[in-house]
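Notes to accompany the following structure.
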Amino acid sequence: MLRYGIPANRLPKDALDAEIDAIRLLGAQFRMGQRWGEHFTLAGLRQQHDAVFVAIGAQRAQGLRCDGEEHALPGIEFLERVASGNPVALGDDVAVVGGGNTAMDCARSAIRLGARNVRVLYRRSRQEMPCLMDEVEAAEAEGVRIDFLVAPVRLSENGLTCRRMTLGDPDASGRRRPVPLDGSDFTMECSTVIAAIGQSVDRSLPEQEGLAVTAWGIAADERTFCHQPARSLRRGDGVLGADLAVRAVTAGRRSAAAIHQFLSGDTVTGNRR
Ligand SMILES: Cc1cc2nc3c(=O)[nH]c(=O)nc-3n(C[C@H](O)[C@H](O)[C@H](O)COP(=O)(O)OP(=O)(O)OC[C@H]3O[C@@H](n4cnc5c(N)ncnc54)[C@H](O)[C@@H]3O)c2cc1C
């Protein structure tokens, strides 16, 4: 995600390359183009290695959950195409549905590709937005318009039909729940609709290989990230669900401490610091 999700204007790729080179210089070997489930299995890795660390991230784009959702462009696919130098022709009127970092990055990338009218549609209010506030301000400064308390209900050749929302009681996330306002539907013409309402963990492979999963991702001990005696550890977005890079890096470092304990024959207690 650091290479193909976060755009280069926010995370320069030479900075990322320098970080990766530092790991390479420490002696790590990288085998690129190897897909779990296609080129190797977890069972096979376990036979060849003393410890296996699973960090597959949250790479599956969530759909809009409305009629015609298949006509929307998944946000991370759009960003990947921009990062690969193969952007999609968007047209002038772009609607981005979502309120997180992916939505802001899609909206700003659309502006930079020349779209004239870029609107972000978010179903709650500014206070509930899950993205970094600096990103919202930067997007608005670049000309992105954000419409709050709006959710999609249908995507068809007539355009994107949305319903206005109001805020009800807090939900499990602690944020106030969006409640639809009956009779408030309106339709807007869009040349492209980008779905950026979140990414989830593809749990099918872990499940197929016998790993326990949770509603968010792969199950792991909170302190050691371990699934013993199976000798696999996993962390990052693949366990937490889509989150922040700094927490994925922290989790990687803490997992390394647990792997070290395991390979040293010590009790695996994790690193509390
Ligand atoms: C658009 C966008 C903007 C973001 N902005 C920010 C931000 O501003 N600040 C911030 O802190 N965080 C941001 N994040 C979140 C951050 O990118 C993630 O939290 C972080 O990258 C998670 O790291 P990870 O290693 O757990 O997973 P990932 O970075 O997703 O890495 C998972 C890796 O596993 C590989 N993989 C997946 N499945 C398989 C398989 N079957 N076989 C082999 N390999 C596989 C993937 O190719 C990938 O290389 C953003 C994310 C997105 C999408």
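Whatever order the structure lists ligands and atoms in, that order sets their numbers, starting from 1. Values reported hereafter were calculated over all heavy atoms of this structure, with side chains retained and with hydrogens, waters and symmetry mates removed. These numbers were taken from a predicted model, which means no experiment stands behind them.
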Which of the atoms in ligand 1, numbered in the order shown and given with their element, are less than 4.0 Å from a heavy-atom of [X]?
X: G57; result: 27 (O), 30 (O), 32 (C)
X: T102; result: 1 (C), 2 (C), 52 (C), 53 (C)
X: D105; result: 1 (C), 2 (C), 3 (C)
X: L79; result: 1 (C)
X: W36; result: 40 (C), 41 (N), 42 (N), 43 (C)
X: N101; result: 3 (C), 4 (C), 5 (N), 6 (C), 7 (C)
X: L205; result: 41 (N)
X: Q199; result: 53 (C)

If we count only N and O atoms by modelled type, under 3.5 Å, do the side chains of [X] and [Y] hold a donor and an acceptor together?
X: D93; Y: N117; result: yes
X: E128; Y: S125; result: yes
X: R65; Y: Q62; result: yes

Minimum heavy-atom separation for [X] and [Y], please, with both atom names.
X: G75; Y: I194; result: CA-CG2, 3.6 Å
X: L79; Y: G5; result: CD1-O, 3.5 Å
X: V136; Y: C131; result: CG2-SG, 3.3 Å

ask   = Taking distance alone, with no angle check, do A248 and ligand 1 share an N/O pair under 3.5 Å?
value =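 By distance alone, the answer is no.
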
inquiry  = With a cutoff of 4.0 Å, is R3 in contact with ligand 1, counting heavy atoms of the residue only?
reply    =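 False for this residue.
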
query = Among the heavy atoms of H39, does any lie under 4.0 Å from an atom of ligand 1?
reply =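 For ligand 1, residue contact (heavy atoms, under 4.0 Å) with H39 is absent.
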
ask   = So among R124, R123, R176, which one has a salt bridge (charged side-chain N to carboxylate O under 4.0 Å, His left out) with D171?
value =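 For D171, the salt bridge (charged side-chain N to carboxylate O under 4.0 Å, His left out) test succeeds with only one of R124, R123, R176, which is R124.
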
ask   = Given P7, A55, P206, G37, which has its nearest heavy atom closest to atom 32 (C) of ligand 1?
value =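 The nearest heavy atom belongs to A55.
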
request  = Report the member of V246, L244, I56 with the shortest heavy-atom distance to atom 36 (N) of ligand 1.
outcome  =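 Closest candidate by heavy-atom distance is I56.
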
Report the part of [X] (side chain from C-beta onward, or backbone N, CA, C, O) that has a heavy atom under 4.0 Å from ligand 1; answer both or neither where that applies.
X: D202; value: neither
X: E38; value: neither
X: Q59; value: side chain

query = Would you say the side chain of M1 lies within less than 4.5 Å of the side chain of Q59, judging by non-hydrogen atoms?
reply =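 Touching, per the 4.5 Å side-chain cut-off.
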
ask   = Is the backbone N or O of T269 less than 3.5 Å from a side-chain atom of Q261, with the two atoms forming a donor-acceptor pair by type?
value =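 Present.
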
NZ or CZ of R126 within 45° of F148 ring axis and under 6.0 Å =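 Output no; distance or angle outside limits.
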
